[in-house]
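Below, read A as the first sequence line, B as the second, and so on, with proteins coming before strands; counting in each chain starts at 1.
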2 protein chains.
Amino acid sequence: MSTEPADNARPLRADAVRSRALLMSAARDVFAVRGTEASVAEIAQAAGLGKGTVFRHFAHKDDLVVAIVDEMVDDLVATTEQLLHADDPAEGLRGFMTAGIELQVHNQAFCDVAAGAAVRQHPVLRGKIARLESAVEALVDRARRAGAVRDDITGQDVMLLLTGVYQTAAPMLPESPEIWKRYLALTFDGLQPAAARPLPA
Amino acid sequence: MSTEPADNARPLRADAVRSRALLMSAARDVFAVRGTEASVAEIAQAAGLGKGTVFRHFAHKDDLVVAIVDEMVDDLVATTEQLLHADDPAEGLRGFMTAGIELQVHNQAFCDVAAGAAVRQHPVLRGKIARLESAVEALVDRARRAGAVRDDITGQDVMLLLTGVYQTAAPMLPESPEIWKRYLALTFDGLQPAAARPLPA
DNA sequence: ACCTGAACACCGTTCAAGT
DNA sequence: ACCTGAACACCGTTCAAGT
């Protein structure tokens with residue numbers, strides 16, 4: 001529940017609950033379009049709040065970014081766990097990669113964080129990313145057992161490739177919004193057992 | 001000659017020549033370590049100059065970034081043209097990708113710009129990147145004719161994969177500085193004719 | 001408790017004053 | 001011509017003053 005304050009906090013007063021909801025909603029919209037570089041003043045204005053209020057709810061701008069991105073990673077974890085039951089294990093894995101890349105295509109803030117913005121190191125986000133990674137590990141295990149991916153591929157590889165495939169396509173996306181499908185397909189070909197040549201340690 | 005001012009400029013006075021050399025040298029060092037987010041004040045101080053002097057030589061911080069990155073792309077173009085004569089066409093192509101990725105590993109500013117910092121759109125840099133791309137196109141053509149890469153791969157693909165492979169490895173580099181070799185190998189496997197399955201349009 | 005805007009130390013950029 | 005630092009409009013963050 002990232003829309004809630006820290007676990008040990010007392011209940012919020014009614015006006016604070018309202019401020020917080022307005023803030024989260026504005027932050028979702030503004031970050032999605034303008035990325036993590038959107039200013040706190042910009043978000044405060046979109047929420048109809050003073051910027052002091054933003055810092056009352058989130059001590060640092062990064063904490064706000066984390067709260068928003070955390071929600072998105074939650075969604076991605078849920079999607080991943082559903083894909084674990086896909087009929088075709090290979091399609092399950094491809095479905096995860098498609099979801100992760102489309103998230104980057106449609107949300108600038110997620111894209112910034114995935115690409116390695118400093119917020120990545122935030123403890124809350126690190127924990128959530130670890131949860132995602134274990135879900136992905138299960139997805140990869142299943143695909144591997146079905147012979148759909150080579151033996152030497154790990155869940156971490158697939159996680160890292162999520163950013164890699166998106167960043168490969170990124171410079172061309174304004175002109176060719178679907179170009180990421182090309183690089184996802186190319187990457188997927190490299191994951192096939194048929195393509196396997198020994199990888200360096 | 002990116003250490004020189006614009007083509008149509010009058011010759012610089014002796015003190016300006018010295019300032020410019022100090023500035024370029026400091027910018028090379030500072031940008032390499034701290035990336036494009038290093039402040040102009042930081043570079044001015046490293047050069048022993050007032051920051052007003054920086055803006056006298058480069059009207060915008062971005063122009064200074066471009067001048068420095070431009071030099072690095074020049075070096076990469078030269079490397080690429082030499083690799084065109086490598087004994088093994090596949091090794092020539094792999095050599096280019098290795099050089100491009102190592103540049104990102106060792107130089108934070110190059111890495112920032114390759115990853116899509118706004119400076120990428122600067123006309124001077126766009127031109128230089130286009131030159132690099134045609135050199136890479138020749139390298140790919142040669143590898144394709146030798147049957148070392150699949151038919152549907154272009155020079156642009158290889159250019160884009162340079163960032164992609166680096167960004168895949170980026171989160172792990174502090175712990176595993178050689179991990180990029182794993183993803184380069186994996187990507188290279190995907191480029192093999194044996195791995196080829198039709199790519200989306 | 002909570003909200004707010006003025007104040008602070010930064011940033012890139014401009015420019016008047018010095019040589 | 002060239003160099004410089006003070007001044008400006010931004011940024012994230014703090015905090016005294018208000019309810």
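For A/Arg56, the listed nucleotide lying nearest its side chain is C/dA1; candidates were D/dT4, D/dT13, C/dA1. Picking from D/dT14, C/dC3, C/dT13 the nucleotide with the shortest atom distance to the side chain of A/Ser19 gives C/dC3. Considering only side-chain atoms of A/Lys61, the nucleotide from C/dT14, D/dT13, C/dT4 that sits closest is D/dT13. Which of D/dC2, C/dC2, D/dG12 sits closest to the side chain of A/Phe55 comes down to D/dG12. With distances taken from any side-chain atom of A/Lys51 to the nucleotides D/dC2, C/dA7, C/dC2, the minimum falls on C/dA7.
When each of A/Gly52 and A/Ala41 is assigned the nucleotide of DNA chain D with its nearest heavy atom, A/Ala41 is the one assigned upstream, toward the 5' end. Mapping A/Asp15 and B/Asp62 onto DNA chain C via the closest heavy atom, the residue that lands nearer the 5' end is A/Asp15. Comparing A/Glu42 and B/Val17 along DNA chain D, the residue whose closest nucleotide (by nearest heavy atom) sits nearer the 5' end is B/Val17.
Taking 4.0 angstrom as the limit, B/Arg13 places none of its side-chain polar atoms (N or O) nearer than this to OP1 or OP2 of D/dC2. One finds a side-chain N or O of A/His57 lying less than 4.0 angstrom from the OP1 or OP2 phosphate oxygen of C/dC3. At least one side-chain nitrogen or oxygen of B/His60 sits closer than 4.0 Å to the OP1 or OP2 atom of C/dT13. Of the side-chain N and O atoms in A/Ser39, none sit less than 4.0 angstrom from OP1 or OP2 of D/dC10.
One can place CZ of B/Arg18 at 17 Å from C1' of D/dA1, the figure rounded to the nearest angstrom. Taking atom CD of residue A/Gln45 and atom P of nucleotide D/dC11, one finds them 11 Å apart after rounding to whole Å. Distance A/Arg34 CZ to D/dC10 P: 13 Å, rounded to the nearest Å. Between the CG atom of B/Leu22 and the P atom of D/dC3 there is a distance of 10 Å, given to the nearest Å. Rounded to whole Å, atom C1' of C/dC2 lies 15 Å from atom CZ of A/Phe58. Separating the CG atom of A/Leu23 from the C1' atom of C/dT4 is a distance of 15 Å, rounded to the nearest angstrom.
The partner of C/dC3 is absent, by the rule that a Watson-Crick or G-U pair needs both atom distances under 3.5 Å. Across all strands shown, C/dA17 forms no Watson-Crick or G-U wobble pair with both key distances under 3.5 Å. When both pairing distances are held under 3.5 Å, C/dC8 makes a Watson-Crick or G-U pair with D/dG12.
Atom CD of B/Gln45 has 12 or fewer heavy atoms from other residues, nucleotides or ligands within 6.0 Å.
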Worksheet item: Could you walk me through whether B/Arg94 and B/Asp88 pass the salt bridge (charged side-chain N to carboxylate O under 4.0 Å, His left out) check?
Response: CA-CA 10 Å; B/Arg94 190 190 284 266; B/Asp88 179 353; over 6 Å; no
Item to complete: Let me see the working for A/Asp141 and A/Arg144 under salt bridge (charged side-chain N to carboxylate O under 4.0 Å, His left out), right down to the final yes or no.
Response: CA-CA 5 Å; A/Asp141 282 346; A/Arg144 201 189 297 112; 2.9 Å; yes
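Using modelled atom types and a 3.5 Å distance limit, the side chains of B/Asp63 and B/His57 yield no donor-acceptor pair.
Between the side chain of A/Arg197 and the backbone N or O of B/Ala185, no donor-acceptor pair lies under 3.5 Å.
Between B/Ala67 and B/Phe58, the shortest heavy-atom distance links the atoms CB-CE2, 3.8 Å.
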